[in-house]
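Every chain is numbered from 1 and lettered A, B, ... according to where its sequence line falls, protein lines coming before strand lines. Only this structure's heavy atoms are used, side chains among them; waters, hydrogens and symmetry mates stay out.
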There are 2 protein chains.
Amino acid sequence: MQDGNTIEQTGMLRRLSPAHFRKLVGLCDHLRDIPARVAVSTAGEEIGVSLLLLDGLMGRHISDRDNRRRRLVALEVPGDFVDLHSMPLGRLDHDVTAMSDVRLAVFKHDVLKDLVRTDPEMAIALWGLTLVDAAIHRHWAYRVSAMRAMERLANFICEMEDRLALCGRADAESYALPLTQADLGDASGMTAVHVNRGLRDLREAGCCTISQGRVTIHNREKLQQIGYYQPDFLYLHDIPEGEDPAAPGRAIART
Amino acid sequence: MQDGNTIEQTGMLRRLSPAHFRKLVGLCDHLRDIPARVAVSTAGEEIGVSLLLLDGLMGRHISDRDNRRRRLVALEVPGDFVDLHSMPLGRLDHDVTAMSDVRLAVFKHDVLKDLVRTDPEMAIALWGLTLVDAAIHRHWAYRVSAMRAMERLANFICEMEDRLALCGRADAESYALPLTQADLGDASGMTAVHVNRGLRDLREAGCCTISQGRVTIHNREKLQQIGYYQPDFLYLHDIPEGEDPAAPGRAIART
DNA sequence: CGGAGCGTTGAGCAACGTCAAAAGACGTGG
DNA sequence: CCACGTCTTTTGACGTTGCTCAACGCTCCG
């Protein structure tokens with residue numbers, strides 16, 4: 001977990017201007033810690049707050065009505081606004097769950113609504129955050145629809161590296177990814193057993209290893225090639241230059 | 001094609017208040033007709049206008065760098081703002097193509113930006129449109145990741161019926177869907193050959209037929225059951241009641 | 001020490017892709 | 001009007017991918 005209680009401008013939050021960021025942070029109602037595997041909200045229920053992820057991983061799941069065939073449709077990293085979209089929408093079409101121990105900054109919808117009503121530039125900036133989110137959704141739909149098992153895994157590992165590096169959670173050749181192989185299957189549209197075989201293939205190809213919740217990348221070029229990885233969907237060019245204080249020495253790929 | 005040049009408040013546009021709708025329509029720069037299969041914009045290029053679809057179908061495609069493995073990641077129906085998200089983002093991560101002959105209303109980004117800067121409520125309303133869009137993306141990711149071929153097709157057919165009915169393009173048991181089986185495969189993550197077999201299965205199960213660009217539904221309950229269809233992701237409850245003038249006598253399922 | 005969750009591997013099977021062929025639909029030019 | 005080429009739909013045969021079921025070892029934790 002992160003030290004201290006300050007909210008740092010990292011990850012997706014770097015898309016906001018420093019002034020917008022400070023203004024937003026000032027409106028945080030409180031911080032909240034949630035243990036791994038706990039659901040924060042459920043599809044369909046009324047929601048009154050939005051959550052900014054400060055540390056850990058959160059997931060968004062869709063299931064059928066019997067709670068079978070549960071799938072990850074999004075995975076949030078620190079700096080992501082997990083359910084900002086619940087503010088205009090009021091309720092959600094998916095569940096929100098802590099995938100690891102997480103720390104959250106809680107924002108009341110009333111306060112956020114006041115903010116966007118009085119500060120149109122801020123509204124556009126926050127809107128933009130949800131639009132990058134949508135681009136990531138499209139990427140997930142494409143990945144699952146157009147790629148094979150090993151390719152999907154490679155692509156997913158590349159995506160998570162870029163996004164975690166952007167928020168200072170990745171070093172030069174490894175990063176923490178506290179997910180089980182069943183989680184990876186939920187995210188990649190395959191069974192845990194087949195995830196296991198896919199990861200073995202990637203390992204034997206000399207690309208990367210996953211062990212004890214940590215991804216180690218041995219051959220990034222080959223991994224990106226196998227996963228047909230092109231990070232355009234992350235709109236990294238829109239992020240101001242400058243070292244992320246939490247990520248010394250790790251450059252973000254800019255295609 | 002639609003008669004006349006008026007822009008009617010139908011489909012997703014019904015989420016806007018009548019006042020917001022009228023204000024928006026007044027800002028339309030011009031109308032534009034585009035023939036089937038023509039690309040309107042390409043991934044990565046700078047975009048200066050957003051397009052509101054008035055009639056026909058438009059698709060959003062992602063491909064890999066060799067233009068192979070092209071997939072549909074979204075399909076727009078009349079009343080949808082095809083690329084409203086290009087206004088805050090500036091460029092897109094996907095192509096935009098006319099799937100049929102289409103009529104579009106063109107809005108300049110400069111004008112839209114002025115609008116959202118001076119009218120926060122309008123900004124929130126337009127933001128909301130892109131959020132429903134994102135919910136549909138999640139649904140597509142879920143469908144392709146959690147369902148089998150026949151189920152995906154059934155689910156897709158149900159989705160299109162609801163969305164086309166909402167904009168008055170569906171009658172009681174059939175609607176026009178000018179897509180080839182290859183298109184359906186692009187949208188559902190399978191080959192055209194397998195689409196053909198899946199449609200045959202649905203036909204032989206007495207659910208629906210697709211012929212000459214028209215879907216006819218013979219047993220909606222069974223179709224929805226096979227496709228595990230639950231239209232929550234469309235947020236239909238947020239749409240004001242009242243007969244759509246273009247859709248007399250066709251009720252929208254409200255779960 | 002025992003149980004639960006996770007990772008790993010094997011064997012067999014179902015779903016889906018690939019390749020190929022043929023027939024129908026449709027527009028174009030003669 | 002017909003002949004032609006092209007695109008689409010349809011079907012068969014066969015190969016591959018990924019799922020299912022099962023078993024076993026490992027680690028963690030009560």
Between [atom2] of [N] and [atom1] of [X], the distance in whole Å:
{"X": "A:Asp201", "N": "C:dT9", "atom1": "CG", "atom2": "P", "value": "11 Å"}
{"X": "B:Gln181", "N": "C:dG17", "atom1": "CD", "atom2": "P", "value": "14 Å"}
{"X": "A:Glu204", "N": "C:dT8", "atom1": "CD", "atom2": "P", "value": "11 Å"}
{"X": "B:Arg214", "N": "D:dT9", "atom1": "CZ", "atom2": "C1'", "value": "19 Å"}
{"X": "B:Met190", "N": "C:dA14", "atom1": "CE", "atom2": "P", "value": "19 Å"}
{"X": "A:Met147", "N": "D:dT16", "atom1": "CE", "atom2": "P", "value": "22 Å"}
{"X": "B:Leu177", "N": "D:dT9", "atom1": "CG", "atom2": "C1'", "value": "16 Å"}
{"X": "B:Arg152", "N": "C:dC16", "atom1": "CZ", "atom2": "P", "value": "6 Å"}

A side-chain contact here means heavy atoms from C-beta on lying under 4.5 Å apart; do B:Arg91 and A:Tyr235 qualify?
yes
Phosphate oxygens OP1/OP2 of [N]: is one of them under 4.0 Å from a side-chain N or O of [X]?
{"X": "A:Thr191", "N": "D:dC19", "value": "yes"}
{"X": "B:Asn196", "N": "D:dT9", "value": "no"}
{"X": "B:Gln212", "N": "C:dA25", "value": "no"}

Looking at A:Asp83 and A:Arg60, does any basic side-chain N land under 4.0 Å from a carboxylate oxygen?
no
Looking at B:Arg37 and B:Asp183, is any side-chain nitrogen of the basic one under 4.0 Å from a carboxylate oxygen of the acidic one?
yes
Among D:dT8, C:dT9, C:dG17, which nucleotide has an atom closest to any side-chain atom of B:Thr180?
D:dT8
Report the nucleotide, chosen from D:dG18, C:dT9, C:dT18, that has the shortest atom-to-atom distance to any side-chain atom of A:His194.
D:dG18
Between A:Ile210 and A:Arg197, name the one whose nearest nucleotide on DNA chain C is closer to the 5' end.
A:Ile210
Quick one: is the NZ or CZ of B:Arg143 closer than 6.0 Å to the six-membered ring centre of B:Phe156, and within 45° of its axis?
no
Has A:Arg169 got its NZ or CZ under 6.0 Å from the middle of the six-membered ring of A:Tyr175, at an angle within 45 degrees of the ring axis?
no
On DNA chain D, more 5' by nearest nucleotide between A:Arg148 and B:Val193 is B:Val193
